[in-house]
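Counting from 1, the numbers follow the sequence of the chain as shown.
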Amino acid sequence: MKKYVLLCFVLLLVVSCNTKESKVVGFHDKVVFSDFKKLSLDDSYKNLLNPNVSIKEEYPKVINSWKEFHKKVNIILKNNDFSWNVPDSIITVVNKIYFNANGEVNYFFVNIRNENISKKTKDVYVQLLTDNLKELSINLKRAEQFAQCGKVKYQNYE
């Protein structure tokens with residue numbers, strides 16, 4: 001019986017240690033961002049626009065899925081009455097998103113470019129994304145995990 005319990009414990013430990021936790025990381029959080037960089041994700045995630053990942057004929061579908069992804073983010077912001085707390089009419093965010101082969105987010109890097117947005121507001125934005133990460137898949141599947149980066153401009157409804 002002791003061997004069985006020990007075996008179950010070891011299996012549970014192995015499974016839990018190999019489970020990746022999805023994560024949203026803000027560039028403004030220097031400590032977390034430093035840890036994020038150490039993961040060297042670009043070594044194991046190919047760019048979505050790499051010809052080995054997406055052929056040129058698929059680009060319209062890729063672009064549409066990217067737009068739809070960011071529409072989902074905008075809906076989350078609106079549904080949660082999120083406020084950027086600045087008068088800027090446009091909020092610019094540079095993203096690098098690491099997806100699994102099914103298009104689900106593994107890691108989501110955000111760099112909010114507007115200078116006047118406070119750290120507190122940036123933290124709230126990151127937390128909103130974190131809380132809603134399961135809703136933020138991209139409508140693409142690939143043979144392997146992939147990444148995509150780009151700049152998005154959100155309308156500020158202040």
Side-chain angles (χ1 to χ4, degrees), residues 13 15-50 52-54 58-142 144-158:
L13 185 63
V15 169
S16 64
C17 287
N18 288 329
T19 303
K20 282 188 194 174
E21 181 182 332
S22 297
K23 185 150 185 113
V24 181
V25 177
F27 180 77
H28 66 281
D29 189 335
K30 300 301 181 196
V31 173
V32 175
F33 180 69
S34 177
D35 290 342
F36 174 75
K37 285 188 345 186
K38 291 175 188 173
L39 296 174
S40 300
L41 296 173
D42 291 331
D43 294 342
S44 57
Y45 288 78
K46 288 185 181 172
N47 186 294
L48 180 59
L49 299 180
N50 179 317
N52 294 327
V53 178
S54 299
E58 291 180 298
Y59 282 9
K61 182 179 179 181
V62 168
I63 291 167
N64 188 52
S65 66
W66 187 245
K67 287 179 187 176
E68 291 301 315
F69 180 90
H70 290 291
K71 283 181 185 177
K72 291 177 194 176
V73 171
N74 202 37
I75 289 169
I76 288 168
L77 298 179
K78 282 183 178 182
N79 288 347
N80 287 279
D81 296 320
F82 177 76
S83 174
W84 292 102
N85 297 313
V86 293
D88 307 9
S89 60
I90 300 292
I91 306 300
T92 303
V93 181
V94 176
N95 297 296
K96 180 124 189 203
I97 307 169
Y98 299 87
F99 299 94
N100 67 22
N102 291 321
E104 299 162 336
V105 176
N106 284 342
Y107 297 94
F108 193 150
F109 164 71
V110 296
N111 184 359
I112 301 165
R113 304 293 297 176
N114 298 58
E115 292 179 15
N116 296 325
I117 297 175
S118 71
K119 181 183 181 314
K120 180 180 177 185
T121 299
K122 291 176 182 179
D123 288 342
V124 170
Y125 176 76
V126 167
Q127 190 59 53
L128 261 178
L129 294 176
T130 300
D131 292 346
N132 293 279
L133 212 49
K134 296 224 184 286
E135 298 173 39
L136 292 175
S137 61
I138 196 166
N139 191 21
L140 293 172
K141 293 186 187 319
R142 294 293 182 255
E144 58 190 313
Q145 57 192 16
F146 59 93
Q148 182 58 28
C149 61
K151 180 170 43 172
V152 64
K153 294 184 178 193
Y154 294 110
Q155 186 70 37
N156 188 10
Y157 299 103
E158 298 276 322

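- Of the inter-residue distances, the one linking Gln145 atom CD with Asn100 atom CG reads 8.0 Å to the nearest 0.5 angstrom.
- Rounding to the nearest 0.5 Å places CG of Asn47 at 5.5 Å from CD of Gln148.
- Between Ala147 and Lys96, the shortest heavy-atom contact is CB-CE, 4.1 Å.
- Within a 6.0 Å radius of CD in Glu115, no more than 12 heavy atoms belonging to other residues, nucleotides or ligands are found.
- Ring centroid separation for the pair Phe69 and Phe108 comes in under the 6.0 Å cut-off.
- With contacts defined as side-chain heavy-atom distances shorter than 4.5 Å, the pair Leu39/Tyr107 qualifies.
- Checked by atom type and distance alone, the side chain of Ser65 never pairs as donor or acceptor with a backbone atom of Asn139 at under 3.5 Å.
- The backbone N or O of Val94 lies less than 3.5 Å from no partner atom in the side chain of Asn111, so there is not a single donor-acceptor pair.
- Ring orientation note: the planes of Phe82 and Tyr125 are tilted relative to one another, at an angle of 30° to 60°.
- Judged by distance alone, the side chain of Ser34 and the main-chain N or O of Lys30 form no donor-acceptor pair under 3.5 Å.
- Judged purely by distance below 3.5 Å, without hydrogens or angles, the side chains of Asp131 and Gln127 pair a donor atom with an acceptor atom.
- The main-chain N or O of Asn156 is never found under 3.5 Å from a side-chain atom of Asp88 such that the two would form a donor-acceptor pair.
- For the pair Ile76/Leu129, no side-chain contact is recorded, criterion being any heavy-atom separation below 4.5 Å from C-beta on.
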Under the side chain to side chain contact (heavy atoms under 4.5 Å, CB included) criterion, do Phe99 and Val105 qualify, and how do the steps go?
-> CA-CA 4 Å; Phe99 299 94; Val105 176; 3.8 Å; yes

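- At least one side-chain heavy atom of Asp123 sits under 4.5 Å from a side-chain heavy atom of His28.
- Here the side chains of Arg142 and Leu48 are in contact, with some heavy-atom distance below 4.5 Å.
- Atom NZ of Lys151 is surrounded by 12 or fewer heavy atoms from other residues, nucleotides or ligands within 6.0 Å.
- Salt-bridge check for Glu144 with Lys46: passed, with a basic side-chain N closer than 4.0 Å to an acidic carboxylate O.
- Listed for the Asn114 side chain is a donor-acceptor partner under 3.5 Å among the backbone atoms of Thr92.
- Counting all heavy atoms, side chain and backbone alike, Ser54 lies closest to Val62 at OG-CG2, 3.9 Å.
- A heavy-atom distance below 4.5 Å is found between the side chains of Asn80 and Asn132.
- The distance from the CD1 atom of Ile91 to the CG atom of Asn74 is 11.0 Å, given to the nearest 0.5 Å.
- For the pair Glu58/Leu140, no side-chain contact is recorded, criterion being any heavy-atom separation below 4.5 Å from C-beta on.
- Residues Asp29 and Val25 are not in side-chain contact: their nearest non-hydrogen atoms beyond the backbone lie 4.5 Å or more apart.
- Atoms CG and CG, on Leu133 and Asn106 in that order, are 9.0 Å from each other to the nearest 0.5 Å.
- Counting non-hydrogen atoms of other residues, nucleotides and ligands closer than 6.0 Å to NZ of Lys119 gives a total above 12.
- To the nearest 0.5 Å, atom CZ of residue Phe109 and atom NZ of residue Lys23 are 13.5 Å apart.
- For the pairing with Glu68, the side chain to side chain donor-acceptor pair (under 3.5 Å) check across His70, Lys71, Lys72 returns one residue only, Lys71.
- With hydrogens and angles disregarded, a donor-acceptor distance shorter than 3.5 Å links the side chain of Tyr59 to the backbone of Leu49.
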List the steps, then state whether side chain to side chain contact (heavy atoms under 4.5 Å, CB included) holds for Ile112 with Trp84.
-> CA-CA 10 Å; Ile112 301 165; Trp84 292 102; 3.8 Å; yes

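- Annotation: side chain of Ile90 is in contact with side chain of Gln155 (closest heavy-atom distance under 4.5 Å).
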